[in-house]
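One-based numbering along the sequence shown.
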Amino acid sequence: GWKVHVSAFYDNYHRILKKVAAYCYLHDIPFKYVTTIQLRHFLGRQCSRLSAGKVITIYPTNSVQFCDIMTDLYKV
């Protein structure tokens with residue numbers, strides 16, 4: 001399946017999470033996000049390069065929805 005990873009930093013995490021969450025709730029798209037407690041790990045130097053900064057994961061149901069998500073969130 002498809003996954004969309006959204007990256008953020010300490011200073012914009014909440015703003016990005018609000019926008020992504022609002023979009024996903026509106027379109028009934030499943031997603032998960034890193035809690036504030038986990039944020040230090042994902043944005044810290046100890047985090048693996050493969051996971052670093054990826055604080056939101058969106059799960060599109062198909063390739064059409066994937067393309068829609070990418071287009072829409074890019075505009076936001």
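Val64 and Leu26 fall into different hydrophobic clusters, where Ile, Leu, Val, Met, Phe, Trp and Tyr side chains are chained together by heavy-atom contacts under 4.5 Å.
Checked options Tyr33, Phe66, Trp2, Phe31; the residue passing with Ile58 is Phe31 (criterion: side chain to side chain contact (heavy atoms under 4.5 Å, CB included)). Each of Asn12, Leu17, Asp11 was compared with Arg15 under the side chain to side chain contact (heavy atoms under 4.5 Å, CB included) criterion, and only Asn12 meets it.
Nearest heavy atoms, Gln65 versus His27: NE2-O, 4.4 Å.
Side-chain contact between Tyr59 and Ile29 is absent, with no heavy-atom pair separated by less than 4.5 Å. Ile56 is not listed as a side-chain neighbour of Lys32, based on a closest heavy-atom distance of 4.5 Å or more. No side-chain heavy atom of Val76 sits less than 4.5 Å from a side-chain heavy atom of Tyr23.
The number of heavy-atom neighbours closer than 6.0 Å to CG of Asp28, taken from other residues, nucleotides and ligands shown, is 12 or below.
In this structure, CG on Asp72 lies 11.0 Å from SG on Cys67, to the nearest 0.5 angstrom. Taken from OG in Ser7 to CD1 in Ile16, the straight-line distance is 8.5 Å, to the nearest 0.5 Å.
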